[in-house]
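Taking it in order: structure first as structure tokens, then the write-up.
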Amino acid sequence: MKYELKNGWTKDIDKEIVFKFSEGYKDFLTQCKTERECVAETIRLAEECGFKPLESFDTLKEGDKIYAVNKLRSVMLAVIGSEKISDGVNIVGAHVDAPRLDLKPNPLYEDGELAYFKTHYYGGIKKYQWGTIPLALHGVVITKDGKSVDVRIGDENDDVTFVITDLLPHLAQEQMKKTPSTVIEAEQLNLLIGSMPVDGEEKEAVKANILAILNEKYGICEEDFLSAELQIVPAANAKDVGFDRSLIGSYAHDDRVCAYPSLMAILTTEACDKTAVCILTDKEEVGSMGNTGAKSDFMKLILLEMMDKAQEGATELNLLRCLDKSYCLSADVNAAFDPNFPSPYEKNNSARVNYGVAIAKYTGSRGKGGSSDASAELMSKIRTLFNENEVLWHVAELGKVEAGGGGTIAQYVANLGVETVDCGVPVLSMHAPFEVVAKLDVYMAYKAFHAFYND
Ligand code: MN
Ligand code: MN
């Protein structure tokens, strides 16, 4: 096949199939604004397709479909193949956390007779982008008596919304001299949540009113914020972008635009030679740390459990053999070339919208620092696989060599011995409150992951 880079729409593409797949993806985006919501929705969709919790199986055999949840914030799914698990598995790993503003443990305060939540941003954001846009509050609060309260306010039309205010241009003469990273400072990312004083309170009557409402509506008291995970996310839902409806705008395409296609790929995998594994992990945006991140032992634990139930022997030797013979598509987004900001991109090696999935042989920054580097042999295998299955793909680096950089979970999976390469959807305005991807690329990610599982 001739190697030529071309816009995918110039090829023989069934627009109806591509657009239809995107409808499911948009629903997923609208439903899932936090990693917990992604995990809950994943379980719901998986159960609909016959997946069952791993612990419900005494033994595992070919064709069994399982899932295992890691502390409500990450999840692993598998379809047992005809080959032994210890002979290696095919892993697609995406992440379901996204940049956002977390509430501080002591968030609630009053200033100037207005009530606010203090926030601590999570992941790499341009802080100024979070001012003056409608924001929603999602998460969970564990109350004093141990009750778990789900919070989800601000997405429906008749819901209230929240906002971080900014200075009017008329009075911004000093502010506009600042650098963009300080135009709105981290400690100014304070969420406006009310303004009405309650009767009979001398001090902080606005805050008191908010607490009364929270107590009445959710049964929450102020101390309960200490045992909560509350996230401020954009209130806007996923929407088609452009007169031609070819693009999707949404919060958190990074990395749900890979998580959803990888989930759909495993849910539509019936029989496979190598066991198919889908991991939707947490904490990628802060370095894959912690017991729900890709650096945790969760995948190893579940592989051991699976080998145990498949009667292969849950030994360290078998685990290491399994990982050594496994393959992984680290499914994460790449930076789509932006004609509006061309300078940090190198045009021969940039991801492009509508060119299909972008394969990144390596990530990292400045001299491939902090990157695993996929082998020529692995690149050959993936390229052949995609070509044979009519997956639109191209190769890309994240910008010019010294323009910046970034990482994914690839290096942590590769550290385990797994043959790993990054492969994901190009994104415009990555990490912004409203990111943009192309429908064609979303569908191609599904095709890519499905071909990988069914190789
Ligand atoms: Mn990502
Ligand atoms: Mn990211």
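As the structure is a computational prediction, the values presented were derived from the model and not from experiment.
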Hey, mind stepping through Phe225 and Phe117 against ring pair (Phe, Tyr, Trp, His ring centres under 6.0 Å) and telling me if it holds? CA-CA 11 Å; Phe225 286 116; Phe117 279 148; 5.5 Å; yes
Given salt bridge (Lys or Arg N to Asp or Glu O under 4.0 Å), test Glu419 with Lys325 step by step and report yes or no. CA-CA 8 Å; Glu419 279 275 60; Lys325 292 178 192 158; over 6 Å; no
When you look at Gln129 and His431, which way does the side chain to side chain donor-acceptor pair (under 3.5 Å) test go after all the steps? CA-CA 10 Å; Gln129 292 178 334; His431 281 207; over 6 Å; no
Decide yes or no on salt bridge (Lys or Arg N to Asp or Glu O under 4.0 Å) for Asp224 and Lys144, but give the supporting numbers first. CA-CA 6 Å; Asp224 293 336; Lys144 231 177 204 165; over 6 Å; no
Can you check side chain to side chain contact (heavy atoms under 4.5 Å, CB included) on Lys118 and Glu187, steps first, answer last? CA-CA 8 Å; Lys118 284 215 75 78; Glu187 294 295 348; 2.9 Å; yes
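Contact annotation: the side chain of Pro426 never approaches that of Val333 to less than 4.5 Å [non-hydrogen atoms, C-beta and beyond]. Side-chain contact between Glu346 and Asn348 is present, with heavy atoms from C-beta onward closer than 4.5 Å. Within the 4.5 Å cutoff, no side-chain heavy atoms of Leu135 are placed close to those of Val233. Contact annotation: the side chain of Glu229 never approaches that of Asp102 to less than 4.5 Å [non-hydrogen atoms, C-beta and beyond]. A heavy-atom distance below 4.5 Å is found between the side chains of Val421 and Met379. Between Asn318 and Thr315 the shortest side-chain heavy-atom distance falls below 4.5 Å. At least one side-chain heavy atom of Glu41 sits under 4.5 Å from a side-chain heavy atom of Phe28. With contacts defined as side-chain heavy-atom distances shorter than 4.5 Å, the pair Tyr355/Asn7 qualifies.
In this structure, Phe434 has its ring center no closer than 6.0 Å to that of Tyr251. Checked against a 6.0 Å centroid threshold, the rings of Phe51 and Tyr67 do not count as neighbours.
Partners of Lys15 under the side chain to side chain contact (heavy atoms under 4.5 Å, CB included) rule, at least two apart in sequence or in another chain, are Trp9, Phe19. Partners of Lys381 by salt bridge (Lys or Arg N to Asp or Glu O under 4.0 Å), not counting sequence neighbours, listed by chain and number: Asp455. A search for ring-ring contact (aromatic ring centres under 6.0 Å, His included) contacts involving Tyr25 returns His253, Tyr260, not counting sequence neighbours. The salt bridge (Lys or Arg N to Asp or Glu O under 4.0 Å) search around Glu270 returns Lys65, not counting sequence neighbours. Partners of Phe337 according to the ring-ring contact (aromatic ring centres under 6.0 Å, His included) rule, which considers only residues two or more places apart in sequence or in another chain, are Tyr345.
Using a cut-off of 4.0 Å between Lys/Arg side-chain N and Asp/Glu carboxylate O, Lys361 and Glu397 are scored as not salt-bridged. Contact check on Lys127 versus Glu185 returns no salt bridge, with no Lys/Arg side-chain nitrogen under 4.0 Å from an Asp/Glu carboxylate oxygen. Salt bridge annotation for Arg100-Glu35: present, with a cationic side-chain nitrogen under 4.0 angstrom from a carboxylate oxygen. The residues Glu23 and Lys26 are annotated as salt-bridged, a charged nitrogen and a carboxylate oxygen being separated by less than 4.0 angstrom. No salt bridge links Lys274 with Asp87; every basic N to acidic carboxylate O contact stays at or beyond 4.0 Å. Salt bridge status for Lys61 with Asp64: present, with a side-chain N to carboxylate O gap under 4.0 Å.
Side-chain N/O atoms of Tyr122 and Asp97 include a donor and acceptor closer than 3.5 Å.
A distance of 10.5 Å separates SG of Cys278 from CD1 of Ile91, quoted to the nearest 0.5 Å.
Side-chain N or O atoms of Asp244 include one that pairs as donor or acceptor with a backbone N or O of Ser246 at under 3.5 Å. Checking side-chain atoms of Lys439 against main-chain N and O of Arg245 turns up a donor-acceptor pair under 3.5 Å. Counting only distance, with no hydrogens or angles, the side chain of Ser380 and the backbone of Leu378 share no donor-acceptor pair below 3.5 Å. A side-chain donor-acceptor contact under 3.5 Å links Ser371 to the backbone of Thr363. Without hydrogens or angle criteria, Asn334 side chain to Ala351 main chain gives no donor-acceptor distance under 3.5 Å. A donor-acceptor pair under 3.5 Å is absent between the side-chain atoms of Glu285 and the main chain of Pro99, judged by distance alone.
Open room surrounds NZ on Lys126; 12 or fewer heavy atoms of other groups in view lie less than 6.0 Å from it. Within a 6.0 Å radius of CZ in Arg383, no more than 12 heavy atoms belonging to other residues, nucleotides or ligands are found. Heavy atoms of other residues, nucleotides or ligands lying less than 6.0 angstrom from CD of Glu48 number more than 12.
With Leu247 as the fixed residue, the side-chain contact (heavy atoms from CB on, under 4.5 Å) test singles out one of Asp441, Val353, Val437: Val353. The side-chain hydrogen bond (donor to acceptor under 3.5 Å, both in side chains) test with His138 is passed by exactly one of Arg36, Lys33, Gln231, Glu37: Glu37.
Contacts classified as salt bridge (Lys or Arg N to Asp or Glu O under 4.0 Å) and involving residues 292-309 (residues at least two apart or in different chains) are given here: Asp297-Lys300.
Counting all heavy atoms, side chain and backbone alike, Val286 lies closest to Gly123 at CG1-N, 3.9 Å.
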